[in-house]
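Written below as structure tokens is the structure these notes are about.
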Amino acid sequence: QVQLVESGGGLVQAGGSLRLSCTASGRTFSSYAMGWFRQAPGKEREFVAATSWNGISTYYADSVKGRFTISRSNAENTVYLQMNSLKPEDTAVYYCAANSRGLGGSYLYAFKTYDYWGQGTQVTVSS
């Protein structure tokens, strides 16, 4: 069983930055691909970014490409999401997720790929 805890959300003005963190319990974090998703009120959960187990491969939604960066520290059991040039449309609850089944590539864009989810952290971007 893996527990994921997100932190770093908050209120920021448009154009600002935030860094989200997601820390995992357990010794197998380094073997998991990790993803970030978000859900705005009244909308479906959508893919934001993902990273392979070793951090070499990263994937981004078109809406955040060039503004967000996903990274991980397997030594610290933590995955990060650096969010720059934030826009009001980035406002959502952000969730991190872990894929324990060894799936990668295009599978990482789908929320059904992930086995474990955090509780979410609110990000609000004011205009």
Side-chain angles (χ1 to χ4, degrees):
Q1 192 75 6
V2 174
Q3 290 187 327
L4 304 174
V5 179
E6 301 100 333
S7 61
L11 173 64
V12 64
Q13 288 188 331
S17 298
L18 283 175
R19 189 194 197 200
L20 305 183
S21 300
C22 172
T23 301
S25 63
R27 296 176 291 177
T28 52
F29 173 82
S30 61
S31 66
Y32 294 167
M34 298 294 296
W36 286 97
F37 287 74
R38 66 186 182 187
Q39 188 166 18
K43 295 188 176 181
E44 294 185 350
R45 191 169 298 192
E46 65 173 359
F47 171 79
V48 176
T51 176
S52 59
W53 66 272
N54 55 8
I56 291 178
S57 298
T58 56
Y59 310 86
Y60 296 94
D62 288 343
S63 59
V64 307
K65 204 171 292 184
R67 299 188 298 122
F68 291 10
T69 302
I70 188 170
S71 62
R72 68 187 297 160
S73 168
N74 287 343
E76 297 176 346
N77 276 18
T78 301
V79 62
Y80 303 97
L81 186 67
Q82 177 67 44
M83 305 186 296
N84 299 329
S85 302
L86 282 161
K87 305 175 181 180
E89 50 263 44
D90 294 318
T91 294
V93 177
Y94 284 70
Y95 300 89
C96 73
N99 165 25
S100 66
R101 290 173 280 167
L103 299 174
S106 60
Y107 286 101
L108 297 182
Y109 290 84
F111 75 89
K112 292 182 179 181
T113 292
Y114 298 84
D115 311 291
Y116 303 103
W117 292 83
Q119 82 289 348
T121 186
Q122 176 70 47
V123 172
T124 303
V125 185
S126 63
S127 57

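Only a predicted model underlies this, so the values are computations on that prediction, with no experimental measurement involved. This chain uses plain numbering: 1 for the first residue, then up along the sequence.
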| field | Y114-W36 co-clustered via ILVMFWY side chain contacts under 4.5 Å | value | no

| query | In Å and rounded to the nearest 0.5 Å, what is the CG to CG distance from N74 to N54? | reply | 8.0 Å

| said: Would a single hydrophobic cluster contain both Y95 and Y109, if residues Ile, Leu, Val, Met, Phe, Trp and Tyr are joined by side-chain heavy-atom contacts under 4.5 Å? | reply: yes

| message | Strictly distance-based, threshold 3.5 Å: is any side-chain N or O of R67 a donor or acceptor partner for the main-chain N or O of S85? | response | yes

| task | Identify the heavy atoms of K65 and Y60 that sit nearest to each other, and give their distance. | result | CE-O, 3.7 Å

| Under 3.5 Å, is there a donor-acceptor pair between the side chain of S25 and the main chain of Q3? | yes

| request: State, to 0.1 Å, how close G8 and L18 come at their nearest heavy-atom pair, and which atoms those are. | output: O-CD2, 3.8 Å

| message | To the nearest 0.5 Å, what is the distance between OG1 on T58 and CZ on F68? | response | 14.0 Å

| said: Restricting to salt bridge (Lys or Arg N to Asp or Glu O under 4.0 Å), what partner residues turn up for K43, sequence neighbours left out? | reply: none

| What's the spacing between Q1 CD and D115 CG if we round to 0.5 Å? | 10.0 Å

| task | Kindly give the heavy-atom pair with the smallest separation between A14 and S127, and that separation in Å. | result | CB-CA, 4.4 Å

| said: Can you confirm whether E46 is buried at CD, in the sense that more than 12 heavy atoms of other residues, nucleotides or ligands lie under 6.0 Å from that atom? | reply: yes

| query | Should F37 and L108 be regarded as members of a common hydrophobic cluster, given that ILVMFWY residues are connected when their side-chain heavy atoms come within less than 4.5 Å of each other, either directly or indirectly? | reply | yes

| Cluster overlap V2 with Y94, hydrophobic side-chain contacts below 4.5 Å | yes

| query | V12 versus T124: any side-chain heavy-atom pair under 4.5 Å? | reply | no

| said: I'd like to know if the side chain of T91 reaches the main chain of V125, judged simply by a donor and an acceptor atom lying under 3.5 Å from each other, with no hydrogens or angles considered. | reply: yes

| request: Taking the side chain as every heavy atom from C-beta outward, state whether R38 and S63 have any atom pair closer than 4.5 Å. | output: yes

| field | Test of ring centre spacing under 6.0 Å for Y59 and F47 | value | no

| said: Using every non-hydrogen atom in the two residues, find where F29 and A24 come nearest and quote the distance to one decimal. | reply: CD1-CB, 3.4 Å

| said: I'd like to know whether CZ of F111 has more than 12 heavy-atom contacts from other residues, nucleotides or ligands below 6.0 angstrom. | reply: no

| message | Ignoring hydrogens, what is the shortest heavy-atom contact between I70 and V79? Give both atom names and the distance. | response | CG1-CG2, 3.9 Å

| field | Side-chain ion pair, K87 and D90, N-O less than 4.0 Å | value | no

| field | More than 12 heavy atoms from other groups under 6.0 Å of OH on Y107 | value | no

| said: Please check this pair: side chain of E6 against backbone of Q119, looking for a donor-acceptor N/O pair closer than 3.5 Å. | reply: yes

| CH2 (W117) with more than 12 external heavy atoms under 6.0 Å | yes

| With distance as the sole test, does R101 use its side chain to make a donor-acceptor pair with the main-chain N or O of T113 at under 3.5 Å? | yes

| task | Search all heavy atoms of Y32 against all heavy atoms of S100 and return the closest pair with its distance. | result | CE2-CB, 3.4 Å

| message | Looking only at the side chains, is there a donor atom on one of N77 and T23 sitting less than 3.5 Å from an acceptor on the other? | response | no

| request: Compare all side-chain heavy atoms of L4 with those of M34 and state whether any distance is below 4.5 angstrom. | output: yes

| task | Quick one: pull up CG in L20 and CD in Q82 and give me the separation to the nearest 0.5 Å. | result | 9.0 Å

| message | For the CZ atom of R72 and the OG atom of S52, what is their distance to the nearest 0.5 Å? | response | 7.0 Å

